[in-house]
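Take a look at the structure set out below.
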Number of protein chains: 2
Amino acid sequence: MISANKQLKNTHALDDDNTLSGRTTVALREAIVNGSIQAGEKLNEPKLAEQFSVSRGPLREAIRRLVSMGLVEHKPHVGASVVTLEPKKIAQLYELREALEGLAARLAASRMNHDEIAELRHLLEVHRQHCENNAGEYMQAEGDFDFHYQIIKGSGNPLLVHQLCDELYHLIRMIRFQTSRFKSRPKRALIEHEQLLFALENRDPELAELLMRRHISRAKHSIIEFLSTEE
Amino acid sequence: MISANKQLKNTHALDDDNTLSGRTTVALREAIVNGSIQAGEKLNEPKLAEQFSVSRGPLREAIRRLVSMGLVEHKPHVGASVVTLEPKKIAQLYELREALEGLAARLAASRMNHDEIAELRHLLEVHRQHCENNAGEYMQAEGDFDFHYQIIKGSGNPLLVHQLCDELYHLIRMIRFQTSRFKSRPKRALIEHEQLLFALENRDPELAELLMRRHISRAKHSIIEFLSTEE
DNA sequence: TCACCCCATATTGTTGACAATATTGATATC
DNA sequence: GATATCAATATTGTCAACAATATGGGGTGA
């Protein structure tokens with residue numbers, strides 16, 4: 001979480017929201033993402049409020065924010081529960097991600113400055129080190145997120161950054177946790193990152209978009225295949 | 001609003017939310033979209049609560065939901081205010097819309113069934129009638145929305161539908177209201193819709209995506225140009 | 001045995017009061 | 001006259017009690 005959170009701090013309006021509501025949102029979000037609260041589980045307001053040591057007011061606001069992020073579903077007079085990520089929904093999410101990150105990569109190829117691209121290369125090298133040192137799935141995932149975050153931020157479109165980093169990415173993180181027994185092709189991903197970086201360094205928007213879309217499409221197929229063979 | 005709202009009812013989780021919070025969200029949203037509450041204006045909780053005849057609780061939840069839709073900005077301990085849509089932000093919004101609706105059109109070309117396509121043709125003809133009868137900018141805008149809604153829903157990706165119809169589209173509607181003195185090229189848009197429908201009827205995903213992206217890109221240029229020549 | 005209804009219970013929705021924080025305007029000082 | 005400080009005010013954040021609605025179980029009747 002270390003490195004990715006540092007990234008998140010720069011984009012998330014939440015992390016400089018020091019109110020109870022803001023902190024509760026982050027806490028509840030992380031509990032859902034890392035599976036402390038399981039997929040499909042009902043969110044009982046009085047219980048959760050006590051767990052987080054807040055009253056129901058801030059907790060309800062937190063739940064509402066997570067609803068808008070797609071992590072939680074809510075029915076009037078019935079209550080909220082954590083979403084369940086069946087393969088169909090995961091495929092839809094990746095469809096969306098492909099379009100949005102494809103756009104991000106295209107824009108980043110034109111708009112990132114030299115320092116940002118240098119930082120990206122640095123991230124890639126650090127990531128490669130981790131993988132070579134067999135540093136485990138955890139660092140692998142974080143390195144991957146950092147790389148994607150940097151490109152998204154490089155798009156120079158705050159609205160796009162918000163949609164991806166603040167909303168969709170927590171769903172992706174949740175999927176990652178739920179499928180973490182599955183080692184997600186670290187070598188191939190690294191090669192694809194390398195190619196992508198090449199396109200960005202050469203200021204080639206079309207190629208950057210193509211490679212990013214392909215990269216995400218492959219990740220999607222890889223996860224879907226894993227899920228279908230599992231049970 | 002008539003026809004578009006009917007469409008909205010089918011997608012919006014809000015419209016079957018008969019709680020005070022849900023109704024207040026819709027009311028506040030419309031007040032912002034149609035300019036009753038101006039861009040940049042501060043949202044004073046006690047005042048608004050009284051205006052809508054609710055207490056601050058439901059009103060705060062409504063505000064939070066509009067924040068997540070991008071209609072409102074919020075700073076901790078300071079308050080919420082309506083977003084201001086300067087040209088730069090509008091351009092970013094259209095960048096996003098181009099990618100997302102392009103995706104929607106591509107998916108719709110494969111996934112829409114015959115009835116849905118027939119309905120789309122029907123909408124187009126009604127729209128054409130309105131334009132020929134000089135029925136005014138209002139019906140023009142609504143007809144345009146209906147057409148786009150139908151395609152988005154035809155994408156068969158609920159997550160995409162949500163992102164576009166529940167979140168981004170209210171921002172677009174807000175822009176429409178603010179720039180309504182500007183007659184938005186009704187004839188050309190109609191022709192572009194016609195071409196798009198042709199691609200859908202022929203089950204041509206690539207062409208559908210291309211035409212949709214171009215359609216939105218042109219709308220963007222048209223609005224940006226209008227805004228830059230205005231003041 | 002099954003289906004239905006009704007009541008007790010649990011849970012969500014809403015409210016008004018209280019606490020914490022920011023804004024402001026007035027005063028004092030340079 | 002300009003700037004800084006501080007207090008009064010307004011506004012947001014939080015809480016706990018109350019109201020409205022859904023859930024679940026026991027009982028009744030077919």
Side-chain angles (χ1 to χ4, degrees), chain A residues 12-29 31-32 36-84 166, chain B residues 12-29 31-32 36-84 166:
Chain A
H12 273 248
L14 275 179
D15 295 290
D16 55 83
D17 180 348
N18 218 20
T19 62
L20 274 188
S21 167
R23 289 202 300 271
T24 305
T25 306
V26 174
L28 183 58
R29 185 189 74 197
I32 289 173
S36 303
I37 305 177
Q38 288 189 344
E41 195 172 331
K42 178 99 193 294
L43 297 181
N44 184 305
E45 292 182 2
K47 274 184 197 164
L48 282 175
E50 190 182 345
Q51 277 186 30
F52 291 117
S53 308
V54 294
S55 74
R56 279 178 57 223
L59 183 88
R60 281 172 66 87
E61 290 200 357
I63 289 177
R64 279 278 145 72
R65 298 204 221 183
L66 298 190
V67 167
S68 83
M69 288 167 52
L71 291 174
V72 166
E73 284 168 348
H74 177 93
K75 288 180 183 175
H77 298 292
V78 175
S81 45
V82 178
V83 291
T84 56
D166 298 354
Chain B
H12 274 247
L14 277 178
D15 295 289
D16 54 84
D17 181 347
N18 218 19
T19 62
L20 274 188
S21 166
R23 289 202 301 270
T24 304
T25 305
V26 174
L28 183 57
R29 185 190 73 197
I32 289 173
S36 304
I37 305 177
Q38 288 190 344
E41 196 173 330
K42 178 96 193 294
L43 297 181
N44 185 305
E45 293 182 2
K47 274 184 197 164
L48 282 174
E50 191 182 345
Q51 278 187 30
F52 291 118
S53 309
V54 294
S55 71
R56 281 177 56 221
L59 183 87
R60 281 171 67 86
E61 290 200 356
I63 289 177
R64 278 279 145 73
R65 297 203 223 184
L66 299 191
V67 167
S68 83
M69 288 166 53
L71 290 175
V72 167
E73 284 168 348
H74 177 93
K75 288 179 182 176
H77 297 293
V78 174
S81 46
V82 178
V83 291
T84 56
D166 296 354

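Every chain is numbered from 1 and lettered A, B, ... according to where its sequence line falls, protein lines coming before strand lines.
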ask   = 5' to 3' on DNA chain D, which nucleotides open and close the contacts with chain B (atom under 4.0 Å from a heavy atom)?
value = D:dT11 to D:dT14

key: salt bridge (Lys or Arg N to Asp or Glu O under 4.0 Å) partners of B:Arg64, counting only residues at least two apart   = A:Glu61

task = Could you tell me the separation between the CZ atom of B:Phe52 and the C1' atom of C:dT15, rounded to a whole number of Å?
result = 18 Å

query = So, is A:His77 near the phosphate of C:dT14, with a side-chain N or O under 4.0 Å from OP1 or OP2?
reply = no

Donor-acceptor under 3.5 Å (B:Glu41 side chain, B:Gln38 main chain) = yes

ask   = When we call it a touch if two heavy atoms are under 4.0 Å apart, what does B:Ile63 touch: a base, just sugar-phosphate, or nothing?
value = nothing

key: Interatomic spacing from CG in B:Asp17 to CZ in B:Arg65 - rounded to 0.5 Å   = 5.0 Å

task = With sequence neighbours left out, write down each residue that passes side-chain hydrogen bond (donor to acceptor under 3.5 Å, both in side chains) with A:Ser55, or none if nothing qualifies.
result = none

Close side-chain approach of A:Ile37 to A:Leu48, heavy-atom, < 4.5 Å = yes

key: A:Arg60 CZ to C:dT12 P, straight-line distance once rounded to whole Å   = 8 Å

d(CZ, B:Arg23; P, C:dG13) in whole Å = 13 Å

remark   = Separation of C:dG13 atom P from B:Asp17 atom CG, nearest Å, is 8 Å

key: Ion pair B:Asp166/B:Arg29, N-O distance below 4.0 Å   = no

message = Does A:Lys47 have more than 12 heavy atoms from other residues, nucleotides or ligands lying within 6.0 Å of its NZ?
response = no

Please table the atom pairs, donor to acceptor, closer than 3.5 Å between any side-chain atom in residues 75-82 of chain A and protein atoms at least two apart or in another chain.
none

query = Given atom NZ of A:Lys47 and atom C1' of C:dT12, what is their separation to the nearest angstrom?
reply = 14 Å

inquiry  = List the residues meeting salt bridge (Lys or Arg N to Asp or Glu O under 4.0 Å) with A:Glu45, not counting sequence neighbours, and say none if there are none.
reply    = A:Arg56, A:Arg60

task = Name the residue closer to the 5' end of DNA chain D, choosing between A:Arg56 and A:Leu20 according to the nucleotide with the nearest heavy atom.
result = A:Leu20

ask   = What nucleic acid atoms does B:Lys42 come within less than 4.0 Å of, heavy atoms only: base, sugar-phosphate, or nothing?
value = sugar-phosphate

task = Describe the nucleic acid contact of A:Gly57 in one word from base, sugar-phosphate, nothing, applying a heavy-atom distance below 4.0 Å.
result = nothing

note = the helix from C:dT1-D:dA30 to C:dC30-D:dG1: angle between terminal helix axes, five bp per end, to the nearest 10 degrees, reads 10°

